[in-house]
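One structure below.
These numbers come from the heavy atoms of this one structure, side chains and all, not from hydrogens, waters or symmetry mates. Sequential numbering from 1 along the given sequence is applied to the chain's residues.
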Amino acid sequence: MTVFNRNITELQKKIRELAKKKKAVILSHYYQVPEIQDIADFVGDSLELAKRARQSDSDIILLCGVHFMAETAKILNPSKKVLIPSLEAGCSLSESCPPDKFKTFIEKISDRFVMVYINTTAEIKAMSDLVCTSSNALNLIKKVPEDKTLVFAPDKHLGNYLMRQSGRKMIIWEGTCVVHNEFERDLVLSLKREHPSAKIIVHPECSEYLIDIADFVGSTSKLLRYVAEDTALEYIVGTEAGIVHQMRKVAPNKQFYVAPTVATCSACQMCPYMKKNTLENAYETLLYEKNEIIIPEDILQKAYLPLKRMIEWS
């Protein structure tokens, strides 16, 4: 293992030089720590990362996000080497939908059309008809045949939000995100009283009672666009704290307050899985080309079809 002296700027420079040497592209999700976001060739949400991964002409993709994102990059780029800084960077939402239990769940539903959130494993995607993200889900629902029973997994809050917005009845898997499920309505309203001019903006993975008091609901990319274009000067942000780094870049004159979580879980504003990736393990992963994403060929081929459909329908 390489020993580092934690000179952030120097380490960032080494990673960029190594990426150039190895013809690697670095993709980062908005929820990564700021120092990783700042070395990426592209920073985006799940949909944007999927598209960028597909468009890449690099030999290596270093996906700085969680495991399902790296899997998605591999599915869309089967001939490329896809690496993730930490193999421990999982996802509570993805893990809330085990393949064996989900298989049993959908097999009981006749005439089904299975739409799964991108926050799922390759095995779950392989069982689906369509993959979606929070950015494109509403538009994709309109294209699902009306005579089919629409099944949505795994996030129950996002599923219920989509059902209310679209008017389309769905059978929803009962999964949640460890971050978005923990925001506390009363604490958010208390923060609003401290900052009465602040707008409440939240991700649709949040609970219904938080969505109901929000001024705007959207995916991470839509939240980012909203604060850049909106006229307000203060925002209470109901999503993972990492997005604030990009918000401050696009709107440096504005103030951002991350929505409070339950009092016993102040650290829940940050995804513990996203924070498994560091500059140090990103450097080592790229240097030794380790932590490669490997997906069995049959799963890879089956999972590709609903992802391809998502991109074509978006």
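Residue pairs that meet the salt bridge (charged side-chain N to carboxylate O under 4.0 Å, His left out) test with at least one member in residues 193-208, sequence neighbours left out, are Arg164-Glu208, Lys199-Asp230. Pairs engaging residues 291-302 under the salt bridge (charged side-chain N to carboxylate O under 4.0 Å, His left out) rule: none recorded [sequence neighbours left out].
At a threshold of 4.5 Å between side-chain heavy atoms, the hydrophobic network of Ile, Leu, Val, Met, Phe, Trp and Tyr places Tyr288 and Ile26 in one connected group. Transitive grouping of hydrophobic side chains (ILVMFWY, heavy atoms separated by less than 4.5 Å) brings Leu63 and Ile311 into a common cluster.
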Let me see the working for Arg225 and Glu229 under salt bridge (Lys or Arg N to Asp or Glu O under 4.0 Å), right down to the final yes or no. CA-CA 6 Å; Arg225 192 178 311 121; Glu229 298 174 354; 5.0 Å; no

Determine, step by step, whether Lys103 and Glu123 satisfy the salt bridge (Lys or Arg N to Asp or Glu O under 4.0 Å) criterion, reporting the C-alpha distance in whole Å, the side-chain angles of both residues, the deciding distance to 0.1 Å, and the verdict. CA-CA 10 Å; Lys103 185 174 186 291; Glu123 289 89 347; over 6 Å; no

Could you go step by step and tell me if Arg16 and Asp41 meet the salt bridge (Lys or Arg N to Asp or Glu O under 4.0 Å) rule? CA-CA 9 Å; Arg16 290 304 318 159; Asp41 295 290; 3.0 Å; yes

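Between Arg112 and Glu107 there is no salt bridge, since none of the side-chain N atoms of the basic residue sits less than 4.0 Å from a carboxylate O of the acidic one. Classification of Glu88 and Lys275 as a salt-bridged pair fails, no side-chain N sitting under 4.0 Å from a carboxylate O.
Within the 3.5 Å criterion, the main-chain N or O of Leu210 finds no donor-acceptor partner in the side chain of Ser207.
For Lys249, the NZ atom counts as densely surrounded, since its 6.0 Å shell holds more than 12 non-hydrogen atoms of other residues, nucleotides or ligands.
Asn277 and Ser86 share no side-chain donor-acceptor pair at under 3.5 Å.
Considering all non-hydrogen atoms of both residues, Ile124 and Pro99 come closest at CD1-CA, 3.6 Å.
Here the two rings, on Phe152 and Trp173, have centers that are 6.0 Å apart or farther.
Annotation: cation-pi geometry satisfied between Arg52 and Phe42 (NZ/CZ under 6.0 angstrom from ring centroid, within 45° of ring axis).
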